[in-house]
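Letters go in sequence order (proteins before strands), and every chain restarts at 1. It should be emphasised that the depicted structure is a prediction, and the values quoted were computed from it without experimental measurement.
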There are 2 protein chains.
Amino acid sequence: MVELIVSKRDGLELSADAIRWIIREYTADRIPDYQMSALLMAILLNGLTDEELAPWTEAMLHSGETLDLSDVSKPKIDKHSTGGVGDKISIPLAPIVAACGVAVPMISGRALGHTGGTLDKLESIPGFSVMVDPEEFKDQLDTVGVVMAGQTETLVPADRRMYGLRDATGTVPSIPLIASSVMSKKLAEDLDGLVLDVKVGSGAFMRSLEDATTLAETMVEIGRAAGTPTVAILTRMDQPLGAMVGNANEIAESIDVLKGGGPDDVAQLVETLAVAMLKRVGQSTDEATHSVRKAVASGAALDVFAELVKVQGGDPGIIDNPNLLPHAPREYVLKARRDGWVTRCDARVIGNAAVRLRAGRATKEDAIDPSVGFEILAKVGQRVTEGHPLARVAFESETVLERALQGLSGAWTISDDEPEPTDVILGVVE
Amino acid sequence: MVELIVSKRDGLELSADAIRWIIREYTADRIPDYQMSALLMAILLNGLTDEELAPWTEAMLHSGETLDLSDVSKPKIDKHSTGGVGDKISIPLAPIVAACGVAVPMISGRALGHTGGTLDKLESIPGFSVMVDPEEFKDQLDTVGVVMAGQTETLVPADRRMYGLRDATGTVPSIPLIASSVMSKKLAEDLDGLVLDVKVGSGAFMRSLEDATTLAETMVEIGRAAGTPTVAILTRMDQPLGAMVGNANEIAESIDVLKGGGPDDVAQLVETLAVAMLKRVGQSTDEATHSVRKAVASGAALDVFAELVKVQGGDPGIIDNPNLLPHAPREYVLKARRDGWVTRCDARVIGNAAVRLRAGRATKEDAIDPSVGFEILAKVGQRVTEGHPLARVAFESETVLERALQGLSGAWTISDDEPEPTDVILGVVE
């Protein structure tokens, strides 16, 4: 191991055999964390070549069990987002695509830092369980067409161990390490195609379009090398997606989208990603757009969502009666201090405030309160007057509210000039 | 700690307070090895500035107890070598300088890898102990004028822990980390001055004059910042120093030097370093040279060595009767395969063969056989004919001999052209 650390430290390329050995021995606990963290720092600073990245991802993927979905007759397509604020996209997206006849075996993550997590949002549905065992997973994919579950202990164990170590050693923001972490987990799902939503901006992991493009290209190349057709959509994450930032409130907003309503940016991004997923199975853009719109308009997508909630133990009554979702009893309204145009509504500032409100978590051990959250009432491009509500905060206790409010108003910039309109879709990497 | 790792990873400067915190918490076992190794890799790749290096060294130095030698009336000067093959210099040097009226509180190291260690050589003297407790240390320095001992557990504990970690994580060859490791240990000796022997060449840690000069400058600057006048002599380590490479045989050769004999290169380097040490206490080059030669010619230096051996539990009878030193019973002679001039006699190749012969150690846990070793019989510049002996090997078992001989003859290059003569002294950094 020391020799391999030295090679990477000195900018040399590791052989595929060496990489397989490292991942295997680390997963088996035969390489200590202190050697792995030195290697990870050397990788962060010196990079991994394409020739190293393919076996690295492959070895991660094979560090544990992988799903065998060969019995599932439908094509299997998943979507992965690099994470943002108010990013509830998966929740309406997966049932829509399933309603279009594609199986969606979606394994999602949890909230961490300023970004939210699909699993936490789903768990705000009374009774909903994100623990699905492999046999149920297959059956549900055949019958319902969609599974939304957490990662099991046995799937890509190398990534779970390595991610914890990276988090503790300042080695998270490495494009090859991020790319291999995401792709090893997605490739373990036995997919026929993958759509990546790579976020760019203040609330995203990648703040510059350049870095996001590099990450997108790296992941698409890993997918290509592994034989899983992958496309990445670069999308804006400067302000929260939609109005709701939290957990239960994002489920309610997702249901609105499934009913054909909801905020424009969410509906547009859901459609774009759904079309990209259907194109993976050979549909044209027009066909795919038509299918997606029909799935929503006919209520078929909402039916799939109801079935999904029911099969995973949740109460489908929430669909017709959102009051069944937890909702914090008290409200506070943050107001504009001046007249003007909203030119900035910072996703990261709002995401961090959500952590302080207990809608998110600072460390993996923190508990989430599903009932609290923000409703963003003024986004970029909106004209406001002094006193106009910027956000409504649903909260449990004054103490928590006060912490959450610290610096929250700094998320908004109100100017005299109207900002240029921007599009949520920034580009496609194929 | 994560934030500090991230700062160094991103090329920012750590504050003196942050550095003191890191060293204190790491020594107290409150920073895990996996975070420290990530930081060490970031330091290796991104460096430490002079502004970081001074508090880093200072914090290491104060991580445990330091010697208090203020009661010792004589000025206290030490020498440190960065390590080489056949480097027994300290053994004749320390008694010579002590015989000139300077106290030498020398804390030395052990053999590791291809380089030998003064402590292992001294322990080949029957009965000699390198464990000297702090009270004895002071008394012996007053009465004998020289102590040659190992590092205690309480002296610079941060370095002991960090060195083990660096060894296991590919983070040894960092000039600031080497410099602070050496200087923290030397500054803990409460010195009035320090002479560094910075080796350059195949058998040295620094193979290029440029790297060695940078290391020398870095250490001299740390000494200056800490108020301990420090000079570094850059010396050649392409071939072994002297004829003997081993342990007991290097003691015998050291005694020859103390008696006014021994190989020219050893005698010359001992004199150069002794003069440099005496100049630290204000002597001129002429005065110092005169003192050193007189100490040897008068037998005063040999008397100090005899006293040193006796006080530290060894048998001073070895001085008149080298047969009292352990000597492996069997001999093998490696011979030249052609006529010509020796143009290369590679210190690293011979040092590595010495490890296989068990005169050195590959890992810290390996035991050393003090009785085995090489006598180098043809060095660079010598004219040889086919069959001329290149080295005599003293060995215990055929198996070990065979392992040791593998590739050993490759240490020598014999050419048709006479090489240019070279000097062992390459430069001085003050």
Rounded to the nearest 0.5 Å, how far apart are CE of A:M41 and CG of B:L39?
7.5 Å
Find the N and O donor-acceptor pairs between chain B and chain A that sit under 3.5 Å apart.
unit_1: B:R9; atom_1: NH1; unit_2: A:G170; atom_2: O; d: 2.7
unit_1: B:Y34; atom_1: O; unit_2: A:S37; atom_2: OG; d: 2.6
unit_1: B:Q35; atom_1: NE2; unit_2: A:A168; atom_2: O; d: 2.7
unit_1: B:S37; atom_1: OG; unit_2: A:Y34; atom_2: O; d: 2.6
unit_1: B:S37; atom_1: OG; unit_2: A:S37; atom_2: OG; d: 2.6
unit_1: B:A168; atom_1: O; unit_2: A:Q35; atom_2: NE2; d: 2.6
unit_1: B:G170; atom_1: O; unit_2: A:R9; atom_2: NH1; d: 2.7

Of the backbone (N, CA, C, O) and the side chain (C-beta and beyond), which part of B:L40 lies under 4.5 Å from a heavy atom of chain A, both, or neither?
neither
Where on B:L4 is there a heavy atom nearer than 4.5 Å to chain A: the side chain, the backbone, both, or neither?
neither
